[in-house]
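A quick write-up on the structure given underneath.
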Amino acid sequence: MTIRTLDDLLAEGVSGRRVLVRADLNVPFEKENPGVIADDGRIRAVLPTLIALRDAGAAVIVCSHLGRPKGAPDPRYSLEPVAGRLGELLGKPVVFAADTVGESARAAVAALAGGHVALLENLRFNPGETSKDDAERGVFADQLAALADAYVDDAFGAVHRKHASVYDVPARLPHVAGRLVLRELEVLSRLTGEPDRPYVVVLGGSKVSDKLAVIEALLPKVDRLLVGGGMCFTFLRAQGHEVGKSLLEEEMVETCRNLLARGEGKILLPTDVVAATAFAADAGHDVVDAEAIPADRLGLDIGPRSTAAFAEVIAGAKTVFWNGPMGVFELAPFAAGTRGVAEAITKVDGFTVVGGGDSAAAVRALGLDEVAFGHISTGGGASLEYLEGKPLPGVAALEH
Ligand code: 3PG
Ligand code: MG
C-alpha cells in the first residue's frame, strides 16, 4: 500500500488547478469569548501544506469541521473567525464562503484565482458530512468534489472519522496526503515499531474508558506506564483505596484491577494527590496521601511526590508518549502536576511525542517551549486510535 504525497501532486504541477484541502481547524474558543480563538496550534500546523500549494499557483480551497454542530448551520460553530486568523498567518486575506457546497461556496471557488486561498464554512453544518448512510455521505461528497480538481488530506485530527470529507471525497478526486498527515503518521509509526528503550507512556485525562483500548494495546510494548489525571482514581480504587468525591468510573474498577495485575509492575500510580473541597480555583486544598483521600474531598491533581517520581522515570526514558493532563491544569492551584510532567518531558534525551488536543493545548497554555518536544500531535482521538492499531478511514482512503 502506498500513499501519494503533496510532493507528488506538486511535481505534476498545480498552477491554476483547484485543490481542496481537508484541514482540521477545530480550534478551541475562549470560554468567556465565543469566536475568540484560544489556541491556534491546529491552524499553524496546516500552514506548510497551504503555503506550498499557494506558492505553486493552486487555487486552494480549505474545508474543515469545528465542534459538533448537528448537521445544520449554528453560528456558535462558524469557521469565520478561523478564516480571519488563517489570513493573518498567511499574510494575505482568506476568502470565506458562508456555506459549504452552496451558492456562496460555488461563487467563491469560481472567483478564486491561482495563488489564493478560500475557506468554506463548517462541513458539519451539512448532515451528509457525518452521516452513517453511505449514500447520504456520497451525495455530499459529490458536491464537495465538484468544487475541485484534486484533494489533499491534511486533517490528521479527523483521520479516524468515516466522514464524507475524509473518507468519500478522496474516492472521487486525485488524492494525496499533506505534510502534516505524513509527519504525524511517520512519528506514530516510530512509537508502534521498535521504539528506543526505556519507552515510557504517560496517560492522564478524565476517563479510563476513553483510554482503555490504548492501555491494552500499549501495555505489552512499554517499559513504564504512568497514570495521572482523573482516571488515576479508578485505578486507586482498584487497589482498594477510598477516593472521596474524586472522579470514579465504578464500572471500570474491575478492568483496572486486571490491568494492574497484567501490568506486572509497569503501571505507576500517584502516591499523593492535591485534594480540594470543590471543583473551583478558590477551593480549599491540601496534598494528601493517595491512600487516604478524605471522604469529602476530590483529587484535582497529582501531588508533588508523585510528580517527582514520574519526572524521574521520564528522565531515564529514550522514548516518551504523553496523552492527557495530570490534573485540572486550567485552574492554577491544580496545574503543577501537568507542568512538572511536561517539563520533565522537555528535558528527555530521546524521542518525545505529545498526543492529543488537551495535552497540546496544556503545553501552550502553560507557556512551555513547543520546540522542546519532539512532536506535538494535532490529533487526540486520531493518535490514540492509531496507537490502538485501529484502521483509520482517512488513511485507508488515501492508500492506492
Ligand atoms: C478532535 O478535536 O479530536 C478532532 O478535531 C476531531 O473532532 P471530533 O472528535 O468531533 O470528530
Ligand atoms: Mg475528539
Side-chain angles (χ1 to χ4, degrees), residues 21-31 34 37-47 49 62-74 76-79 81-82 85-86 100 119-132 137 140-141 153-169 178 180-181 183-185 187-188 203-207 209-211 213-214 229 321-325 330 353-365 375-388 390-397:
V21 179
R22 174 49 158 114
D24 180 354
L25 305 177
N26 184 20
V27 292
F29 289 144
E30 288 181 4
K31 280 205 176 60
I37 297 165
D39 178 47
D40 66 1
R42 279 181 163 165
I43 307 177
R44 286 184 287 118
V46 76
L47 292 175
T49 290
V62 185
C63 63
S64 174
H65 71 286
L66 187 143
R68 292 180 177 173
K70 303 267 169 281
D74 181 338
R76 290 174 300 167
Y77 299 107
S78 175
L79 276 166
V82 173
R85 183 75 189 117
L86 181 58
T100 314
L119 174 64
L120 307 179
E121 183 53 289
N122 195 336
L123 290 159
R124 293 186 184 172
F125 287 179
N126 191 306
E129 169 66 359
T130 59
S131 175
K132 299 250 183 302
R137 278 201 324 279
F140 184 51
D153 186 3
D154 219 19
F156 178 72
V159 289
H160 60 317
R161 301 291 180 220
K162 192 177 175 182
H163 292 170
S165 65
V166 176
Y167 184 73
D168 304 278
V169 174
L180 176 64
V181 161
R183 165 97 178 120
E184 296 265 17
L185 293 175
V187 163
L188 292 173
L203 290 180
S206 46
K207 288 180 164 178
S209 48
D210 287 347
K211 304 286 159 75
V214 81
F321 173 70
W322 170 37
N323 178 293
E330 300 90 337
V353 180
V354 182
D358 284 352
S359 355
V363 163
R364 291 185 281 263
H375 179 72
I376 301 182
S377 177
T378 53
S383 58
L384 290 179
E385 290 197 18
Y386 182 100
L387 295 176
E388 286 163 21
K390 278 199 194 153
L392 301 171
V395 175

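Order of listing sets the numbers, starting from 1, for every ligand and every atom in it.
Not counting sequence neighbours, the partners of Asp40 by the salt bridge (charged side-chain N to carboxylate O under 4.0 Å, His left out) test are Arg44, Arg85.
Numbered from 1 in the order shown, with element, the atoms of ligand 1 that lie under 4.0 Å from a heavy atom of Gly157 read 4 (C), 6 (C). The Arg68 neighbourhood of ligand 1 comprises atoms 8 (P), 9 (O), 10 (O), with distances under 4.0 Å to a heavy atom of that residue. Heavy-atom proximity to Arg161, at under 4.0 Å, picks out these atoms of ligand 1: 8 (P), 9 (O), 11 (O). Applying the 4.0 Å criterion to heavy atoms of Asp24 picks out, from ligand 1, the atoms 4 (C), 5 (O). Counting atoms of ligand 1 from 1 in the listed order, those under 4.0 Å from a heavy atom of Asn26 are 1 (C), 2 (O), 4 (C), 5 (O), 7 (O).
Looking at ligand 1, you'll find an N or O of Arg124 within less than 3.5 Å of one of its N or O atoms.
By the 4.0 Å heavy-atom criterion, His163 is excluded from the residues contacting ligand 1.
Checking Glu184 against Ser383 by side-chain atom types alone, no donor-acceptor pair falls below 3.5 Å. Side-chain contact, Thr100 with Asn126: no donor N or O sits under 3.5 Å from an acceptor N or O.
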Requested in this report: Please test Leu79 against Leu25 for side-chain contact (heavy atoms from CB on, under 4.5 Å), starting from the C-alpha separation and ending with a verdict.
Outcome: CA-CA 8 Å; Leu79 276 166; Leu25 305 177; 4.2 Å; yes
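The closest donor-acceptor contact from the side chain of Ser131 to the backbone of Pro127 lies at 3.5 Å or more, if one exists at all. For Asn323 (side chain) and Leu203 (main-chain N/O), no donor-acceptor pair under 3.5 Å exists by modelled atom type.
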